[in-house]
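Single-structure report; data block below.
No experiment lies behind these values; they were computed from the predicted model shown. Quick note: residue numbers are just sequence positions, from 1. Note that these values count all heavy atoms, side chains included, but never hydrogens, waters or copies made by symmetry.
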Amino acid sequence: MTFTLNPTYDDNPRLHGLVARLRDYLDGELADYERELGLTSGSVYTRETLEPVWRRSRELGFYGVSLPADLGGAGLSFTELAALKEEVGASPRVLSTSVLGDMGGPLRVGSIFQYATEYQIEKYLLPVTRGERACCFSLTENDAGSDVRGMLTTATPDGDGWRLTGHKVFSTAGPFADFSILIAKMADDGDAGPRYSAFLVDLDTPGCTVQQGETPMSGQHIEADIVLDDCYVGPEQLLGDVGQGLKIGLGRVTVNRLLHCPTALGGARRALELSVDYARTRQVQGAPLGTLQSIQHRLADMATDYYAARAMTYDALAALDRGERPRIEAFMCKLFVAEKAFAIADAAVQIHGKSGVVRGSEVESLFQRLRMFRILTGSSEIQKNGIARFLLLP
């Protein structure tokens, strides 16, 4: 893998074409759409804002492109999907996460088809792949983040179904979703130990309330709290078997951990690109900022960190595509990418000086987003725990 800030994928014609068309859409139609609406990273928008993006992205072949052909996708490899996610991460578009289906779309449901019944596929999952419905994933609670087994949301038997009671937080896409893939602890386990199950919960069900979630430091209004008060779900809404909840919720953890990395890599690449451009054009005492050796060295460190993080990520993704399970490598990638991507963003702010700390600037937005990545989807400390476990295995 050679270093570049403009990947072209000439060795893969399909991917080369997809990336080129994705860039055109992000920088063209989608940029125009956001400009017409006056959207910024801190804007509050509605489902009606997103639906045209879902439809247009599906028409262009991006929405659900990672799904198998029989579900309307192109059956991309993990490496190909990562390349597209990197482009989304490098884009300053506010709605970019809706283009491939991260925001409550196909990327959220693709892995659960294997557990779903025909009824669930027809009612819940296929409409998501078509951009007709949206979902959120509800696992986290205020006192159950990394320690998911500390959740307090319970499912109590009621006839053939269950009554759900609890409070989920950070349900991304919750404000726009029709249903939640929700994990709850079974209340009837007794001495057998806790079991957890997954349910498809319609968010307009009596006893289910969607509340505006806390606003993350990125300023995005995309989180919701899902509050359940004696909310009934029928047997047809149980996803998989009783006790499979954590397997369903965390079962693709190695894949998901790796596929979060390209998004951060895209942000880091954009921060580096902006910094290089600024160093070339910003005049200091009659010369470009980039003539200062201190700036040159900082840019060199940023570029080297980006190259190293990207190389190790795509190496692990290639292993996935070969059918291997790069588990310790996934921990390493998430740790290294998160830390280095934020370091690159921090350096970008420093290079930009005053313009880098202005609220609403692109560099400031990247800084906020990439700082979050060190915690979201598993903190750096959790990744280190995982690495150490593998190293210390007998």
Side-chain angles (χ1 to χ4, degrees), residues 102 104 107-112 114-116 135-156 162-174 177 179-201 203 208 210-211 213-214 216 222-229 231 233 237-261 325 327-328 330-331 333-335 338 372-390:
D102 279 289
L107 284 179
R108 298 279 72 83
V109 301
S111 64
I112 66 173
Q114 61 182 306
Y115 300 103
C135 71
C136 62
F137 182 72
S138 302
L139 175 65
T140 303
E141 300 180 10
N142 278 324
D143 295 318
S146 298
D147 178 21
V148 296
R149 289 177 174 80
M151 73 175 66
L152 299 178
T153 299
T154 56
T156 303
W162 296 266
R163 295 279 176 179
L164 303 179
T165 298
H167 188 152
K168 296 293 186 180
V169 300
F170 269 83
S171 291
T172 303
F179 67 93
S180 171
I181 305 163
L182 188 140
I183 313 298
K185 180 166 62 176
M186 308 308 291
D188 59 339
D189 282 337
D191 297 332
R195 293 184 300 168
Y196 305 84
S197 299
F199 300 92
L200 299 172
V201 181
L203 296 179
C208 178
V210 180
Q211 298 179 350
E214 293 181 303
I222 59 175
E223 307 292 346
D225 287 12
I226 309 298
V227 182
L228 304 154
D229 182 11
C231 174
V233 290
Q237 291 170 269
L238 174 68
L239 182 63
D241 297 327
V242 170
Q244 281 191 309
L246 293 187
K247 179 180 179 181
I248 293 171
L250 304 175
R252 292 182 76 246
V253 65
T254 295
V255 173
N256 290 336
R257 189 173 285 128
L258 281 174
L259 285 177
H260 280 296
C261 291
R325 294 188 63 197
R327 296 177 64 190
I328 187 172
F331 282 119
C333 288
K334 175 59 172 64
L335 171 65
M372 290 170 56
F373 191 70
R374 295 172 65 200
I375 294 175
L376 300 180
T377 70
S379 68
S380 291
E381 290 74 19
I382 292 296
Q383 311 311 314
K384 290 179 181 180
N385 290 346
I387 295 167
R389 280 198 304 272
F390 275 91

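In this structure F179 satisfies the ring-ring contact (aromatic ring centres under 6.0 Å, His included) test together with Y124, sequence neighbours excluded. Remark: R108 pairs with D102, C135 by the side-chain contact (heavy atoms from CB on, under 4.5 Å) rule, at least two apart or across chains. Residues satisfying the salt bridge (charged side-chain N to carboxylate O under 4.0 Å, His left out) test with D225, not counting sequence neighbours, are none. In this structure E141 satisfies the salt bridge (charged side-chain N to carboxylate O under 4.0 Å, His left out) test together with K168, sequence neighbours excluded. Remark: R325 engages R327 in a side-chain contact (heavy atoms from CB on, under 4.5 Å) (not counting sequence neighbours). In this view, D229 satisfies the side-chain contact (heavy atoms from CB on, under 4.5 Å) rule with no residue, not counting sequence neighbours. When the side-chain contact (heavy atoms from CB on, under 4.5 Å) test is applied to A177, the partners found at least two apart in sequence or on another chain are C136, L203. Here Q383 pairs with R257 under the side-chain hydrogen bond (donor to acceptor under 3.5 Å, both in side chains) rule; sequence neighbours left out. D241 meets the side-chain hydrogen bond (donor to acceptor under 3.5 Å, both in side chains) test with no other residue; sequence neighbours excluded. Under the side-chain hydrogen bond (donor to acceptor under 3.5 Å, both in side chains) criterion, T156 pairs with no residue, sequence neighbours left out. Judged as a ring-ring contact (aromatic ring centres under 6.0 Å, His included), and not counting sequence neighbours, F373 has no contacts.
For the pair F137 and I183, the minimum side-chain heavy-atom distance is below 4.5 Å.
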